[in-house]
Amino acid sequence: MKTRECNEAEKLIISDLDECLKPSEKERLENHLRGCAPCRQVREESRALLSAIASDLPEEPGEEFWKLYHQSLDARLKEQALKPVWAFWWKAAGVFVAAVIALVVIRVAIFQPDNRQIADLRVMSPDIFQELEQVYGPTSDELSPGLLYGDLLLTVVDARAAARLDDSDVQWFEVEDETGPLYL
Amino acid sequence: MNDADLLREFRKGNKEVFSELVSRYSKPLTLMILRIVRDPEEARDISQMAFLRAYEGLHKFMMVSSIKTWLYTIALNAMRDHLRKRKVTLVPDILDQLADPAEPIETSLDRARNLERMRKALETLPEKQRLTLQLRIYEEMDYKEIAKVLGGTEGGARGNFFQAVKALRETLGPK
């Protein structure tokens with residue numbers, strides 16, 4: 001049965017075979033091994049194993065291998081030396097494409113008109129829409145980012161707040177014309 | 001010209017000195033890789049990849065370690081990437097080792113079987129344990145150097161070596 005000393009001996013055995021054991025440790029190990037057959041077996045197995053691994057070396061390649069090695073490495077290095085110019089333009093093109101995609105995604109995700117909110121507002125406050133249509137004509141179908149009345153852009157500021165207001169509270173429409181934003 | 005001089009020259013723009021670095025380290029580096037991957041073509045490719053990466057990064061190299069250690073680190077990283085991709089098989093040349101006419105066929109077969117078992121057992125080791133064992137045995141690196149090229153501490157590398165031998169002995173022990 002393995003004892004605590006055996007566990008310690010196993011570490012010392014491997015260190016010993018690895019050639020880095022202090023003389024005092026070596027003496028302690030030898031003392032243990034004299035009276036412990038299983039640990040002697042561990043030493044023999046470990047020695048055989050390390051020796052088998054050390055001798056299992058692939059054959060070294062010949063002259064032809066090294067000649068080809070240097071030729072192909074030279075070619076690859078020359079190819080790489082030319083690469084930075086290409087790499088720069090590819091990187092620049094990549095950044096440009098990524099920026100365009102990001103803008104499209106942001107445009108679609110963030111500025112998507114909420115038709116449901118605007119439809120709700122039409123039901124809640126039809127008078128205001130009628131007045132706007134009388135002054136500015138019918139709305140454009142392009143609702144992003146709000147309703148377009150001729151040159152005016154009507155943006156919903158907060159539909160929930162709007163639902164709680166009556167027609168006299170009209171701050172919830174922000175209207176922008178050529179002179180800049182103004183509030184109705 | 002020592003490595004530090006080579007580096008200085010390279011930074012000044014004299015790219016030709018890189019070939020001196022290649023002639024100094026290509027053989028030991030490629031052989032180190034070959035002993036682990038056991039395929040000359042793959043060893044050549046990985047070794048060249050390491051030199052290409054070194055060429056790219058040499059102007060940023062701060063000499064905190066030796067160029068040799070730095071090159072070994074690059075090569076080992078390239079090799080680890082490669083081994084992870086390829087699903088390693090380290091046993092292809094075992095039959096070649098049967099071709100010893102002076103040996104009885106039973107002995108050759110036994111030896112080949114044992115070798116196959118050993119290589120398969122090596123493959124099952126965690127990567128860091130396996131590489132520590134191989135660098136220690138094949139390259140005779142000390143634990144400090146192994147820690148530098150594989151990452152980690154000297155004590156950790158020593159522990160990995162111990163665990164590798166213990167695991168292999170338990171796997172390959174008498175059945």
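So you know, we letter chains A, B, ... as the sequences are listed, proteins then strands, and number each from 1.
- Most heavy-atom pairs under 4.5 Å with chain B, from the set A:H70, A:K11, A:E10: that is A:E10.
- No part of B:N114 comes within reach of chain A, as not one of its non-hydrogen atoms sits under 4.5 angstrom from that chain.
- Top candidate by heavy-atom pairs under 4.5 Å with chain A, chosen from B:L31, B:L133, B:L52, is B:L52.
- With sequence neighbours excluded, the residues that form a side-chain hydrogen bond (donor to acceptor under 3.5 Å, both in side chains) with B:E42 are B:H82, B:R86.
- Heavy atoms closer than 4.5 Å to chain B are found in both the backbone and the side chain of A:S72.
- Interface residue B:F162: backbone and side-chain heavy atoms are both found under 4.5 Å from chain A.
- Hydrophobic clustering (ILVMFWY, side-chain heavy atoms < 4.5 Å, transitive): B:L125 and B:V165 are in one cluster.
- Comparing A:L49, A:D74, A:I14, A:D18 by heavy-atom pairs within less than 4.5 Å of chain B, the highest count is held by A:D18.
- Side-chain atoms of A:R76 do not come within 3.5 Å of backbone N or O of B:Q48 as any donor-acceptor pair.
- Residue B:S19: no heavy atom, backbone or side chain, is found under 4.5 Å from chain A.
- Legend: residues meeting salt bridge (charged side-chain N to carboxylate O under 4.0 Å, His left out) with A:R28, ordered by chain and number and at least two apart, are A:E8.
- Note on A:L17, A:V42, A:L77, A:I53: by heavy-atom pairs under 4.5 Å with chain B, the leading option is A:I53.
- Stacking of B:K15 on the aromatic ring of B:F10 is recorded, both the 6.0 Å distance cut-off and the 45° axial limit being met.
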Practice problem: Carefully, step by step, assess B:T30 and B:K27 under the rule side-chain contact (heavy atoms from CB on, under 4.5 Å). | Solution: CA-CA 5 Å; B:T30 310; B:K27 197 164 182 179; over 6 Å; no
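- Between the CE atom in B:M32 and the CE atom in B:M79 there is a gap of 5.0 Å [rounded to 0.5 Å].
- Residue B:L34 touches chain A through both its backbone and its side chain, counting heavy-atom pairs closer than 4.5 Å.
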